[in-house]
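Written below as structure tokens is the structure these notes are about.
For ligands, and for the atoms within them, numbers begin at 1 and follow the listed sequence.
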Amino acid sequence: MLSNFNIITLFPEIFKNWLDIGILSSGFEKNLFELTTTNLRDFGIGNYKQVDDAPYGGGPGMVLMIEPMDNAISQSKKDVNIFLTPDGQELNEDLIEELHTYKSANIICGRYEGFDQRILELHSDYEISIGKTVVSGGEVPAMFLMEALLRKLPGILGNSESLKYESFVNDKYDHPTYTRPEVYKGFKVPDVLLSGDHKKIDEWKKNNLKDI
Ligand SMILES: C[S@@+](CC[C@H](N)C(=O)[O-])C[C@H]1O[C@@H](n2cnc3c(N)ncnc32)[C@H](O)[C@@H]1O
């Protein structure tokens, strides 16, 4: 399964806090996966460590230059190179499963107006979008992609049962969930969930998976 990641980004510090919380933190400490970052700036050109330049043909914003990106990717050999791009293949559970047929990946984050097209032609195995909207950089999409991948790794979730009725498993959304108190402002927890009858509860859960 895919458990060895290197994130290529201009902002590696973003990933520090993310990795420090919850299931990711304990999974990382238990070596259930490996995660490194490569700072694209380290591969910048000249005294100013330049990584971006104006687009050919004019237009707003800056484009990530091909050479720093090529050098950053070339020093990090992995099974696949995954670029985050708004116009990429839209992420879903089938794609998560397909990615888990590999062992290691570079996850490559764009910024500004995005990548020089030629870096994609040179190094891309996958171009992945997290949805039909644009965010400012590939870092949040990278976290989104990696969380979807990591929760499938054995040992990451406290209780592997969590994956059993999870949304998108068997083409359904998860069933509704409740916790204490039993009644809040007149809104009640379904009686069956308080019954202690595990067979009936399991049946209720199955019957309450929502259609996609
Ligand atoms: C501001 S965006 C570039 C937008 C680009 N000019 C366009 O209109 O498609 C900068 C970077 O954010 C990342 N990004 C933005 N939206 C994304 C999405 N929906 N899925 C994956 N990555 C995204 C990509 O890495 C992209 O190169």
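In terms of polar-atom proximity, Val135 is counted as a contact of ligand 1, with an N or O under 3.5 Å from an N or O of the ligand. Polar contact with ligand 1: present for Ile130 (N/O pair, distance under 3.5 Å). Ligand 1 has an N or O atom lying under 3.5 Å from an N or O atom of Leu84, backbone or side chain. An N or O contact shorter than 3.5 Å is missing between Pro141 and ligand 1 by distance.
For the ligand labelled ligand 1, residue Ile128 lies inside the 4.0 Å heavy-atom shell. In this structure, Phe83 has no heavy atom closer than 4.0 Å to ligand 1.
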Show me the donor-acceptor pairs, under 3.5 Å and distance only, between side chains in residues 147-159 and residues at least two apart or in other chains.
residue	atom	partner	partner atom	Å
Glu147	OE2	Trp18	NE1	2.7
Arg151	NE	Glu166	OE1	3.4
Arg151	NE	Glu166	OE2	3.2
Arg151	NH2	Glu166	OE2	2.0
Lys152	NZ	Glu93	OE1	2.7
Asn159	OD1	Glu161	N	2.9

Using a 3.5 Å cut-off and no angle test, enumerate the donor-acceptor pairs between side-chain atoms of residues 177-200 and protein atoms at least two apart in sequence or in another chain.
residue	atom	partner	partner atom	Å
Ser195	OG	Val192	O	2.6
Ser195	OG	Asp197	N	3.1
Asp197	OD1	Lys199	N	3.2
Asp197	OD1	Lys200	N	3.2

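Taking each heavy atom of Gly61 and Pro55 in turn, the nearest pair found is O-CD, 3.2 Å. Contact detail for Val51 and Pro68: the closest heavy-atom pair is CA-CG, 4.1 Å. Summarising the geometry of Glu139 relative to Cys109, their closest heavy-atom pair is OE2-CB, 3.6 Å, with the distance given to 0.1 Å.
The structure places CG of Asn71 at 9.5 Å from CD1 of Ile73, a figure rounded to the nearest 0.5 Å. Separation of atoms CD1 (Ile8) and CG (Leu64) is listed at 11.5 Å; rounding is to 0.5 Å.
The protein heavy atom nearest to atom 1 (C) of ligand 1 is Tyr112 O, 3.2 Å. Closest to atom 5 (C) of ligand 1 among all protein heavy atoms lies Glu113 O, 3.8 Å. Taking atom 4 (C) of ligand 1 as the reference point, the nearest protein heavy-atom neighbour is Val134 CG1, 3.9 Å.
Remark: atom 8 (O) of ligand 1 lies closer than 4.0 Å to no protein heavy atom.
If you look at Pro86 next to ligand 1, the close heavy atoms, those under 4.0 Å, come from the backbone and the side chain alike. Of the heavy atoms in Thr133, only backbone atoms (N, CA, C, O) come closer than 4.0 Å to ligand 1.
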TODO: In sequence, state the C-alpha distance, the side-chain angles, and the governing distance for Phe83 and Tyr126, and then conclude on ring-ring contact (aromatic ring centres under 6.0 Å, His included).
DONE: CA-CA 6 Å; Phe83 286 78; Tyr126 287 90; over 10 Å; no
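For OH of Tyr112, the number of neighbouring non-hydrogen atoms (other residues, nucleotides, ligands) closer than 6.0 Å is greater than 12.
Taking each of Gly110, Pro55, Gly88 in turn, the one with a heavy atom nearest to atom 11 (C) of ligand 1 proves to be Gly110.
Every atom of ligand 1 with a heavy atom of Gly114 under 4.0 Å away is listed here by number and element: 27 (O). Against a heavy-atom cut-off of under 4.0 Å, Gly138 is close to the following atoms of ligand 1: 12 (O), 13 (C), 25 (O).
Judged by distance alone, with hydrogens and angles left aside, the side-chain atoms of Glu97 form no donor-acceptor pair with the main-chain N or O of Asp94 at under 3.5 Å.
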